[in-house]
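Read through the structure below, which is laid out as structure tokens, and then see the notes.
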There are 2 protein chains.
Amino acid sequence: MANKPVTIKDIAEKLNISVSTVSRALKNNPEISLQTREAVQKLAKELKYQPNPLAVALKTQKSNTIGVVVPQIVSSFYASVVKGIEQVADEFGYQVFVSSSNEKMEKEEKNVNGFLNMRMDGIILSLSRATSTYDHIHKIQDMGVPMVLFDRTSKELEVSKVVADDAAAAHAAVTHLIEGGAKRIAFLTGPEYMLFGRNRMRGYKKALKEKGMEIDETLISRCDFTVEDAKNASLELLKRSNRPDAFFAINDELAIGAMTAAKELGLKIPDEVAVVGFSNSRRSRYMEPSMSTMDQNPKQVGREAAKLLFDQMEDKPGAKDVKEVVVHADLLVRTSSER
Amino acid sequence: MANKPVTIKDIAEKLNISVSTVSRALKNNPEISLQTREAVQKLAKELKYQPNPLAVALKTQKSNTIGVVVPQIVSSFYASVVKGIEQVADEFGYQVFVSSSNEKMEKEEKNVNGFLNMRMDGIILSLSRATSTYDHIHKIQDMGVPMVLFDRTSKELEVSKVVADDAAAAHAAVTHLIEGGAKRIAFLTGPEYMLFGRNRMRGYKKALKEKGMEIDETLISRCDFTVEDAKNASLELLKRSNRPDAFFAINDELAIGAMTAAKELGLKIPDEVAVVGFSNSRRSRYMEPSMSTMDQNPKQVGREAAKLLFDQMEDKPGAKDVKEVVVHADLLVRTSSER
DNA sequence: GTGAAAGCGCTAACAT
DNA sequence: ATGTTAGCGCTTTCAC
């Protein structure tokens, strides 16, 4: 038990050569004779040599790791973003460490400091809901550590970002509904302070205007992000004499609530009531096959963020410029026949 | 920009003392005069000195970090377990790194190797669904790295574990139902290969027997872990002439499905149909206030696992013994009036 | 083509 | 009470 990890020195001794030769041979340095290179590599394989990343990092001052801080780990949106990040990090040979701020600024600061301490080579971050000051963010910049923000960003920060175009996505969704024949489209949204909700409302209104439809404020319903709440709100709308013939909901729960309400009233979906919601979620399994959704492309968000980061880390020309990439959501149209 | 991190050497130079003195002063070593100790600590604060964990780990051969591998990160059960782990790790001054195997054995091995490489001091792991060989697990043991398994474990492995007593929990839930007056309790379960499903079935049957009730196999329904499936299965049961007056479901989705079915048929809950499900989930927001649930205590699972791990790491007497702790689920009884 | 030596930042004998 | 030294595992000049 307690097998000591094998070091470069062990290899050197067994082969009666110096550690520097081993080090070079391991990285296939052509200055070393093919013969010794092969001998070293063979032995390394046999001994299952694994370089000690701590020593490498200490020496080279880079850890080949990046850190990502998300507001919550229990969210398929962020989980998918992380997957996207991992994909491209993998291509670049980097390890990814993830931590969650749980929507607390304090935890976010702790995570950032931890990452900085661990000498991570770059940081990808989405601001927690509670984050109000940016000292920890500035600290990252002060230390010259590459960083990119995604999803929850701030205009006050001069950093590269990748965001979703919420308004455009909403616009596309609502346009789809209109072109499908909807005349009265209800808009289900959440608390007013949610930025993406406001943006999606913009897109909703814009689409209506473009099609020459009037905006009926009574069709705009605000409720909590729970299925229950959304269902009640939807029921209320649907029981009116002049009921909506379509719902556009800004997230999963709300869409499910609307659907549930429609079904409870025996209305056929999508013929009598069409529903389009946003999704990024396993929870879409709760959704009906007849419901179209906007896919937020979270994985793409992750990939773009990582790309931006690696651009900076590789010191490409102009890489230090502040960039902003917008990831568009895809409209997934599902027709009943699809099932 | 690019503020170099301050080192112990910087402090030593500014104070014209040696690095070892600084090192000692920083850890409040009483061998150092109070005077210099204070001077050092003051300067360290001013300069915002942060020890380089890489250097410390390289030197001391311990990284003060532990790694945890979970099958999936998008699961509130595992998320809560991690929280529990983080709590006690924090008390011990350890950092926690989490990675997900996504139910793939390959990724699990990769994660484990990564952790081992990073010289983490201990590993807490829950086996992925796909894990069939245990070389990577044995490697951890070979290297003498403390480890504890939780939730998804294997009898083939001689390691400390913390598990839930699924049978006992099911037993408690079903007993609760019986004592509430239920006469015909349906059992909603998932695919046969799921171990916890089999265990919960044992508890279900045992509870029935204890109360002198006969086991009606037609009340046992197997379906996929989706709300849709569970709803259909429940509808079928509820439409029989001799319908069940209660459901015991082995997870969230199934419980929700049962509830949905009951509601759709206009049956009152819990008066006409009582439902008890397991939960560990935010998804419980989908649940009705009238539904009682078994809380799996995931956080406690995490805490116990971490405790077991730190016991090993501190080389307490007998700590290397293989231990097994069982975490019991709590029955959360909800009555309608509670809301 | 290979080796010796220095050093990354820190700790811990071992002096003094 | 403090300094000197060695060394953790590795990379990288600089010699030869």
Side-chain angles (χ1 to χ4, degrees), chain A residues 2-41 43-44 47-65 93 116-121 143-144, chain B residues 2-41 43-44 47-65 93 116-121 143-144:
Chain A
N3 273 332
K4 290 255 145 290
V6 9
T7 73
I8 225 173
K9 198 176 160 193
D10 297 329
I11 301 185
E13 282 169 359
K14 297 223 195 238
L15 257 36
N16 274 316
I17 54 178
S18 74
V19 294
S20 37
T21 304
V22 175
S23 174
R24 288 175 184 121
L26 251 13
K27 13 183 68 69
N28 238 316
N29 185 328
E31 294 207 326
I32 303 297
S33 75
L34 202 81
Q35 207 185 330
T36 49
R37 258 188 285 166
E38 286 176 342
V40 167
Q41 288 170 15
L43 186 58
L47 266 36
K48 294 186 211 286
Y49 165 76
Q50 301 273 99
N52 183 333
L54 274 57
V56 176
L58 183 58
K59 179 68 199 173
T60 63
Q61 303 286 37
K62 55 186 311 299
S63 59
N64 262 271
T65 58
L116 253 20
N117 252 344
M118 291 297 256
R119 304 301 194 268
M120 307 238 161
D121 299 324
M143 299 195 34
Chain B
N3 275 332
K4 291 255 144 291
V6 8
T7 74
I8 224 172
K9 198 176 159 193
D10 297 330
I11 300 184
E13 283 169 358
K14 298 224 194 234
L15 257 37
N16 276 315
I17 54 178
S18 76
V19 293
S20 44
T21 305
V22 175
S23 174
R24 289 176 185 119
L26 252 11
K27 10 182 72 68
N28 237 316
N29 185 327
E31 293 207 326
I32 302 297
S33 74
L34 202 82
Q35 206 185 332
T36 49
R37 259 188 284 166
E38 286 175 343
V40 168
Q41 287 168 13
L43 186 57
L47 266 37
K48 296 186 210 288
Y49 165 77
Q50 300 274 100
N52 183 331
L54 274 55
V56 177
L58 183 60
K59 177 69 200 175
T60 62
Q61 305 285 37
K62 53 186 312 299
S63 59
N64 261 272
T65 58
L116 252 19
N117 251 344
M118 290 297 259
R119 305 300 193 270
M120 307 237 161
D121 299 324
M143 298 196 34

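In this text, all values refer to a predicted model and were calculated from it rather than measured experimentally.
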Separation of [X] atom [atom1] from [N] atom [atom2], in whole Å?
X	N	atom1	atom2	value
A/N64	D/dC10	CG	P	15 Å
B/Q35	D/dA1	CD	P	11 Å
A/N29	D/dT13	CG	C1'	13 Å
B/I17	D/dT4	CD1	P	12 Å
A/L15	C/dG1	CG	C1'	15 Å

Under a plain distance cut-off of 3.5 Å, with no hydrogens placed, do B/S33 and B/T36 share a side-chain donor-acceptor pair?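 The criterion, which ignores hydrogens and geometry beyond distance, is satisfied for B/S33 and B/T36.
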
Side chains of B/S23 and B/S20, donor plus acceptor under 3.5 Å: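 No, because no side-chain N or O of B/S23 sits under 3.5 Å from a partner of the opposite role on B/S20.
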
Is any side-chain heavy atom of [Y] closer than 4.5 Å to one of [X]?
X	Y	result
A/L47	A/K14	yes
B/T65	A/M118	yes
B/L26	B/R24	no
A/I8	A/Y49	yes

Rounding to 10°, can you tell me the angle the first-five-pair axis of the helix from C/dG1-D/dC16 to C/dT16-D/dA1 makes with its last-five-pair axis?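 The angle separating the two end axes equals 50°.
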
Taking all non-hydrogen atoms of both residues into account, name the closest pair between A/Q41 and A/A25 and its distance.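 Scanning both residues, the minimum pair turns out to be NE2-O, 3.0 Å.
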
Verify the contact: side-chain N or O of A/S18 to OP1 or OP2 of C/dG3, cut-off strictly under 4.0 Å; return yes or no.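 True: A/S18 side-chain N/O within range (under 4.0 Å) of C/dG3 OP1/OP2.
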
Starting at the 5' end of nucleotides 9-14 of chain C, put B wherever the base has a protein heavy atom under 4.0 Å, S where only the sugar-phosphate does, and a dash everywhere else. BBBBBB

Tell me if the NZ atom of A/K62 is crowded by more than 12 foreign heavy atoms within 6.0 Å.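 Yes, because the 6.0 Å sphere around NZ of A/K62 holds more than 12 heavy atoms from other groups.
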
